[in-house]
Amino acid sequence: LETAGTELVPFDTLHDGQLPEVDGLFIGGGFPETQMAALEANVELRRQVRDAIEAGLPTYAECGGLMYLARSLSWQGATCEMAGVIAGDVVMHDRPMGRGYVRLRETARFPWPEAQTGDSGREIPAHEFHYSEIRNLAPDTIFAYDVLRGAGIDGQHDGIVQHNLLASYAHLRDIGDTRWVERFVAFARDCKRHYTGGTQRTRTTGRTEFRAEQASSKAETRAFIVGAGPGDPELLTVKAHRLLQSADAVIYDRLVSPQ
């Protein structure tokens, strides 16, 4: 990560009460179940992490990081609240749910740009080792990978894509044609340019918000028109709600509250 030109800013999910002001967030693997009561007790940091990701902070989470970002974590008869970014519940088992080498193929919804070195890495060798599974995900959950070998999240998919978050059970190595560091750093830089180059970035207490002004992008863009009403701007279809949740930017009429 440092070789890719980043400054590493560590923080402690157990004890720190403030998320550092950063341009990207990496939450690696580990065993959050062994510290889940302490993670739950750090309410303020969980809220800040959730708010920052929902506001567009580029984030990559592997295995234990995915578990921390879930709604809840259950182990040995106890359940603790986690960050709540991902609307799913993690449950620990006595035996591994996924173990060994995996092969993944990127879907069209993979969020990071192509690598400058090697090929695009669309078929990726990786590994997984997890005793947990994540339950209660929405049927329309967006995935970054099709699983060719391994377990992943549901036996067929891995890599939840939500806002600017990619969260997977797979662990990637930055080696050969799999240059994930280069791609994630490029993604974070692209997001920063999008939100600050020609835009205004504001920070409020515990939450990073991005307010678009004259934003421009050369990337291919899809636009959706979402109708509200009749008579009440809070009357939305389930499809409209899903599109709003996954959009990179929302343009709205003055009659509609930004909330």
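All of these numbers come straight from a predicted model, not from anything done at the bench. This chain uses plain numbering: 1 for the first residue, then up along the sequence.
The environment of L14 atom CG is dense: over 12 non-hydrogen atoms of other residues, nucleotides or ligands sit within 6.0 angstrom. Atom CD1 of I251 sits in a sparse spot, with 12 or fewer heavy atoms from other residues, nucleotides or ligands closer than 6.0 Å.
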>> I'd like to know whether R183 forms a salt bridge (Lys or Arg N to Asp or Glu O under 4.0 Å) with E106, so could you lay out the CA-CA distance, the side-chain angles of the two residues, the decisive distance to 0.1 Å, and finally the verdict.
In response: CA-CA 13 Å; R183 300 179 73 186; E106 293 179 9; 2.6 Å; yes
> Between E128 and R99, is a salt bridge (Lys or Arg N to Asp or Glu O under 4.0 Å) present by the stated rule, with each step listed?
Replying inline: CA-CA 5 Å; E128 63 181 346; R99 178 175 60 185; over 6 Å; no
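W112 and F184 have tilted rings, their planes meeting at an angle from 30° to 60° on a 0 to 90° scale. Using cut-offs of 30° and 60° for the angle between ring planes, the H130 and Y169 rings count as parallel.
Remark: side-chain polar atoms of R46 are paired, donor with acceptor, to backbone N or O of M82 under 3.5 angstrom. Side-chain atoms of D23 never come within 3.5 Å of backbone atoms of A188 as a donor-acceptor pair (strictly under, hydrogens ignored). A distance-only check finds no donor-acceptor pair linking the side chain of N164 to the backbone of L57 [under 3.5 Å]. Put simply, the side chain of T79 never gets that close to the backbone of S74: no donor and acceptor are under 3.5 Å apart. Under a 3.5 Å cut-off, the side chain of T6 and the backbone N or O of L1 do form a donor-acceptor pair.
Contact annotation: the side chain of C63 approaches that of H171 to within less than 4.5 Å [non-hydrogen atoms, C-beta and beyond].
Under a 4.0 Å N-O distance rule, the pair D146/R105 does not qualify as a salt bridge. Salt-bridge formation is not detected for the pair R135/D89: no Lys NZ or Arg NE/NH1/NH2 atom is positioned less than 4.0 Å from an Asp or Glu carboxylate oxygen.
Cluster membership check: M67 shares its hydrophobic cluster with F11, using side-chain heavy-atom separations under 4.5 Å among Ile, Leu, Val, Met, Phe, Trp and Tyr. Linking Ile, Leu, Val, Met, Phe, Trp and Tyr whenever their side-chain heavy atoms come within less than 4.5 Å puts V185 and F187 in one cluster. Follow the hydrophobic side-chain contacts under 4.5 Å out from M97 and you never reach Y68; the two are in separate clusters. There is no path of hydrophobic side-chain contacts, each under 4.5 Å, that joins V238 to I225. Cluster annotation: Y131 is connected to I153 through the hydrophobic network of ILVMFWY side chains, with a link wherever side-chain heavy atoms come within less than 4.5 Å.
Listed by first and then second residue, the ring-ring contact (aromatic ring centres under 6.0 Å, His included) pairs that reach into residues 18-41 are F26-Y60, F26-W180, sequence neighbours excluded.
For L165 against V85, the heavy-atom pair with the smallest separation is CD2-CG1, 3.9 Å. Residues H15 and D12 approach most closely at ND1-OD2, 2.9 Å, considering heavy atoms. In terms of heavy atoms, P125 sits closest to R103 at CB-NH1, 3.7 Å. Closest approach of P113 to A186, counting heavy atoms only: CG-CB, 3.8 Å.
There is a side-chain donor-acceptor pair under 3.5 Å between E133 and H93.
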